[in-house]
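These notes are about the structure you will find just below.
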Protein chains: 2
Amino acid sequence: MSRRSQTRLSVLGALATEPATGYGVRRAIIETLGHFWHESFGQIYPTLAALEEDELVERDADGRFTITKRGRDELASMLAEEPEATPPRNGLLLRIFFAQHLGRKRALELLESTADAAKKKLAEFDAIERAIDEEARPEAPFWRATVRYGVFHARATIAWVEETRALFEKPRAAKSR
Amino acid sequence: MSRRSQTRLSVLGALATEPATGYGVRRAIIETLGHFWHESFGQIYPTLAALEEDELVERDADGRFTITKRGRDELASMLAEEPEATPPRNGLLLRIFFAQHLGRKRALELLESTADAAKKKLAEFDAIERAIDEEARPEAPFWRATVRYGVFHARATIAWVEETRALFEKPRAAKSR
DNA sequence: CTTTGCATGTAACATGTTACATGATTCA
DNA sequence: TGAATCATGTAACATGTTACATGCAAAG
């Protein structure tokens, strides 16, 4: 059962903040968790149906879904489980690892585009941080923590590119056969 | 076609380094890429059969697979593609984001176990770095780069936990930046 | 009156994991 | 002899994406 569905968790979490339609759940997830979570309609609608079946959510008169008491209990219990250790699959590192077959020039280009993407994210995170501060919701510390995670890791990526660029530019060790 | 199989890429890459049986491919991937890549037998065997069908690999007398010339070309071309942007699904951040429903104590425990795991990884990365230096292979700069990525990001996680712990322990002081 | 956004849903497909079946070889 | 490791494979299942079909309502 290792790969229990975290879709349920994300949907219940979204509804715990605010009742919404299926469409609205997706929008909420994109707007708030977009940088580190993703759900598609093909997952959300069947999940909502299953949650309703289990009486964890209810559909109100407007067609919006509201989380029930049992739903909140279930949410708390799912949150308490250890986060699923996603099997690691980092496409960037796969390419760097085999970069000998890619060539130095392309490898350097890959590094640059990685750094550019990280810098773009940093700017976005900065905007999100300010938005959270302005709203001053009770959830603010938690939301802020997720954004800060993004900031720390984007900076780590940029620093890694700096170091790695130097490593790749040195002709000494990086000569391919 | 956005979700092209990167299993092919990892298997071809492993065979470009050294011919191996299906079992050996898996072992090679675990030993070398284990921290940022994963393949299961259920993927490897059908992938090897498909690669053989496409004449990208050949089976030699001992039953080991060897990459062909076409296989090397295909590998180079796959490496040149932009890394797949894996839909973001970070179970830790999902829990942190909804941590209001989890409780402060459990949230802090989650932070601590995250930091512990990161510290353990740092030690492992350190050992791998030294092993790479000792072997002195031509691939060393690239292998080293992947490990260094892990180091930078593990450190980022530890630093983030430090900051976040403070944020959770006294939610009033949410002004730092 | 047409485009855009809201809203729901499904079917086909792609991907990937887990559990199992099977057998050979190596080594203590 | 018995355990561990090497080795191959498949079937059932879980998960998730993409493309499509459908329709309403608001805005321009």
Side-chain angles (χ1 to χ4, degrees), chain A residues 1-12 14-15 18-31 33-34 36-53 57-66 78 81 83-91 94, chain B residues 1-12 14-15 18-31 33-34 36-53 57-66 78 81 83-91 94:
Chain A
M1 67 146 256
S2 62
R3 264 189 85 180
R4 67 203 170 274
S5 173
Q6 299 193 103
T7 295
R8 282 185 149 234
L9 177 48
S10 63
V11 170
L12 274 180
L15 291 178
E18 190 177 31
T21 61
Y23 191 91
V25 165
R26 180 161 180 260
R27 192 179 38 207
I29 289 175
I30 288 172
E31 283 169 4
L33 307 173
F36 56 87
W37 203 260
H38 176 261
E39 295 296 347
S40 64
F41 285 135
Q43 289 281 101
I44 288 175
Y45 284 111
T47 298
L48 279 170
L51 289 173
E52 194 177 21
E53 176 78 14
V57 305
E58 285 170 344
R59 206 185 284 241
D60 70 17
D62 312 339
R64 293 183 316 170
F65 291 91
T66 309
M78 292 179 89
E81 288 171 32
E84 178 181 339
T86 309
R89 300 203 120 215
N90 187 320
L94 192 60
Chain B
M1 65 148 262
S2 62
R3 263 190 87 179
R4 68 200 171 275
S5 174
Q6 299 194 103
T7 295
R8 280 182 150 238
L9 177 48
S10 63
V11 171
L12 274 181
L15 292 179
E18 190 178 31
T21 61
Y23 191 90
V25 165
R26 181 162 179 259
R27 192 181 35 207
I29 290 175
I30 288 172
E31 282 171 4
L33 308 172
F36 55 88
W37 202 261
H38 176 263
E39 294 295 348
S40 64
F41 284 135
Q43 290 281 102
I44 287 175
Y45 283 111
T47 298
L48 279 170
L51 290 174
E52 194 178 19
E53 175 78 17
V57 305
E58 286 171 343
R59 205 185 285 241
D60 68 19
D62 311 341
R64 292 185 316 172
F65 291 90
T66 309
M78 292 179 90
E81 288 172 32
E84 178 181 339
T86 309
R89 300 202 118 215
N90 186 320
L94 191 61

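Quick caveat, the model's predicted, so the values are computed rather than measured. So you know, we letter chains A, B, ... as the sequences are listed, proteins then strands, and number each from 1.
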Query raised in the report: Once you round it to whole Å, what is the distance between P of D:dT17 and CH2 of A:Trp37?
Result: 10 Å

Report task. Measure the distance from CD on B:Gln6 to P on C:dT17 and round it to the nearest whole Å. Result -> 13 Å

Requested in this report: Calculate the interatomic distance between B:Ile30 atom CD1 and C:dT17 atom P; express it in whole Å.
Outcome: 11 Å

Query - Nearest to side-chain heavy atoms of B:Ser40, which nucleotide of D:dT17, D:dG9, C:dT18 - result: C:dT18

Query raised in the report: Quick one: on DNA chain D, does B:Gln43 or A:Phe41 contact a more 5' nucleotide (nearest heavy atom)?
Result: B:Gln43

Report summary line: When B:Arg89 and B:Gly22 are each assigned the nearest nucleotide of DNA chain D, the 5'-most assignment goes to B:Gly22

Report summary line: In whole angstroms, the gap separating P of D:dT5 from CD of B:Glu31 amounts to 13 Å

Report task. Decide if atom CD of B:Glu52 counts as having more than 12 heavy atoms of other residues, nucleotides or ligands within a radius under 6.0 Å. Result -> yes

Query raised in the report: Between B:Arg26 and B:Ile30, is any pair of side-chain heavy atoms under 4.5 Å apart?
Result: yes

**Report entry** Nucleotide C:dG16, atom P - distance to CZ of B:Arg8 in whole Å
**Finding:** 13 Å

Report task. Enter the distance from B:Arg27:CZ to B:Thr21:OG1 here, rounded to the nearest 0.5 Å. Result -> 6.5 Å

Query raised in the report: Does A:Thr7 make a side-chain N or O approach to OP1 or OP2 of D:dG16 shorter than 4.0 Å?
Result: yes

Query raised in the report: Would you say the side-chain atoms of B:Arg89 and A:Thr7 include a donor-acceptor pair closer than 3.5 Å?
Result: yes

**Report entry** Value in whole Å for how far the C1' atom of D:dT22 lies from OH of A:Tyr45
**Finding:** 12 Å

Query raised in the report: Below 4.0 angstrom from OP1 or OP2 of D:dA7, is there any side-chain N or O of B:Arg26?
Result: no

Query - A:Pro83 and B:Leu94, any side-chain heavy atoms less than 4.5 Å apart - result: no

Query raised in the report: Should B:Tyr23 be listed as having a side-chain N or O under 4.0 Å from OP1 or OP2 of D:dT8?
Result: no

Report summary line: Separation of D:dT18 atom P from A:Ile44 atom CD1, nearest Å, is 13 Å

Report summary line: Looking only at D:dG9, C:dT17, D:dT10, the nucleotide nearest the B:Pro46 side chain is D:dT10

**Report entry** Short side-chain N/O contact to C:dC6 OP1/OP2 from A:Thr21, under 4.0 Å
**Finding:** no

**Report entry** For atom NE2 of B:His38 and atom C1' of C:dT18, their distance in whole Å
**Finding:** 11 Å

